[in-house]
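Letters go in sequence order (proteins before strands), and every chain restarts at 1. Computed over heavy atoms, backbone and side chain alike; hydrogens, waters and symmetry mates excluded. This structure is a prediction, so every number in the text was calculated from the model and none was measured.
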2 protein chains.
Amino acid sequence: MSATRDELFRALSDSTRRGLFERLCREGEKTVGALTERAGVSQPVVSRHLGILKRAGLVTDRQAGRKTHYSAQIGALAPLTDWTREMTEFWQSRFDDLEDLLQRMDQ
Amino acid sequence: MSATRDELFRALSDSTRRGLFERLCREGEKTVGALTERAGVSQPVVSRHLGILKRAGLVTDRQAGRKTHYSAQIGALAPLTDWTREMTEFWQSRFDDLEDLLQRMDQ
DNA sequence: TTAACGTATAGCCGAACGGGTATAAATGAG
DNA sequence: CTCATTTATACCCGTTCGGCTATACGTTAA
């Protein structure tokens with residue numbers, strides 16, 4: 001069920017969606033109605049955003065009667081931290097190469 | 001010069017832009033022309049993407065004659081890692097609360 | 001000074017986005 | 001069974017986005 005890296009970045013690019021995800025991280029499982037209360041947008045919009053977060057793997061839903069409970073999947077952030085670490089390593093490695101070069105020039 | 005958190009997430013939501021940033025991390029300073037060669041899009045598009053990355057603080061530019069050299073600013077990723085850590089801490093803290101509750105119930 | 005070069009800007013276009021309202025679909029309550 | 005409740009879907013609308021080409025602007029080379 002792993003979504004694309006692109007899907008993950010895109011899902012997190014909207015502040016309304018990040019807000020929903022953040023509330024689920026902070027407060028745990030919540031229904032669509034509860035999320036709508038403080039989301040600042042209408043219920044259909046919340047549902048649509050939750051769908052996008054779900055396709056990105058950032059949330060899961062649990063049906064209970066006529067209510068749907070959503071919860072954050074913190075592990076879905078892994079590709080993001082991986083990417084960041086990768087970029088940092090690339091950057092650092094160039095730095096190391098430069099150090100090596102300077103050291104060789106020193107000799 | 002710190003850009004909005006939203007600007008950062010938005011800037012990274014496009015794979016072409018991430019590709020440009022990644023090349024700058026991997027290979028260091030590059031001109032627009034050099035970046036255009038392997039970007040898969042036209043030069044004006046590359047320039048526009050670089051402008052967006054620049055406003056997000058992810059790159060800086062250095063003018064040299066008629067060439068513009070761009071380089072990655074790895075530190076600009078900090079708000080992203082901060083946010084991720086924040087989310088994880090929220091999530092973890094709920095987990096800890098649950099553990100506390102269960103421990104109290106145990107006594 | 002003129003010509004070529006490197007980059008940025010302007011303007012266009014179709015697709016995707018984020019919001020809204022109306023409504024369908026499913027479930028629970030009376 | 002009927003009606004209220006909860007969520008998801010369908011559809012519309014204006015804006016933004018990401019690509020393109022044409023071109024303006026500044027710089028170097030001849």
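Between the OH atom of A:Tyr70 and the P atom of D:dT7 there is a distance of 9 Å, rounded to whole Å. If you take CG of A:Asp61 and P of D:dT6, they are 18 Å apart, rounded to a whole angstrom. Across the protein-nucleic acid pair, A:Leu53 atom CG and D:dT7 atom P stand 16 Å apart, rounded to whole Å. Rounding to whole angstrom units, CD1 of residue B:Ile52 and C1' of D:dG19 are separated by 12 Å. When rounded to the nearest whole Å, the span between CZ of A:Arg66 and P of D:dT9 equals 19 Å. We find that CZ of B:Arg10 is positioned 16 Å from P of D:dT15, with the value rounded to whole Å. Counting to the nearest Å, the P atom of D:dA4 and the NZ atom of A:Lys67 are 18 Å from each other. Taking atom CD of residue B:Gln43 and atom P of nucleotide D:dT21, one finds them 11 Å apart after rounding to whole Å.
Note that B:Arg18 lies in the cation-pi zone of A:Phe9, set by a 6.0 Å cut-off to the ring centre and a 45° limit from the axis.
When the nucleotides D:dG19, D:dT9, D:dT5 are ranked by their closest atom to the side chain of B:Asp14, D:dG19 comes out on top.
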Quiz prompt | Stepwise side-chain contact (heavy atoms from CB on, under 4.5 Å) test for B:Asp61 and B:His69 | solution = CA-CA 5 Å; B:Asp61 59 338; B:His69 298 258; over 6 Å; no
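For DNA chain C, the span of nucleotides reached by chain A at under 4.0 Å from its heavy atoms goes, 5' to 3', from C:dG18 to C:dG28.
A heavy-atom distance below 4.0 Å to DNA chain D is reached by these residues of residues 24-42 of chain A, ordered by number: A:Thr31, A:Val32, A:Gly33.
In this structure, B:His49 does not reach the D:dC17 phosphate: none of its side-chain N or O atoms is under 4.0 Å from OP1 or OP2.
B:Ser71 and B:Leu24 make their closest contact through C-CD1, 4.2 Å (heavy atoms, listed as atom of the first residue, atom of the second, distance).
Under a 4.0 Å N-O distance rule, the pair B:Asp14/A:Arg10 qualifies as a salt bridge. Salt bridge annotation for A:Glu89-A:Arg85: absent, with no cationic side-chain nitrogen under 4.0 angstrom from a carboxylate oxygen.
Side chain of A:Arg17 to backbone of A:Ala11: a donor-acceptor contact under 3.5 angstrom is found. Side-chain N or O atoms of B:Thr31 include one that pairs as donor or acceptor with a backbone N or O of B:Ala34 at under 3.5 Å.
Across all strands shown, A:Thr68 has heavy atoms under 4.0 Å from sugar-phosphate atoms exclusively, and none from any base.
Comparing A:Thr16 and B:His69 along DNA chain C, the residue whose closest nucleotide (by nearest heavy atom) sits nearer the 5' end is B:His69.
A heavy-atom distance below 4.5 Å is found between the side chains of B:Val45 and B:His49. In this structure the side chain of A:Leu77 reaches within 4.5 angstrom of the side chain of B:Trp83, judged on heavy atoms.
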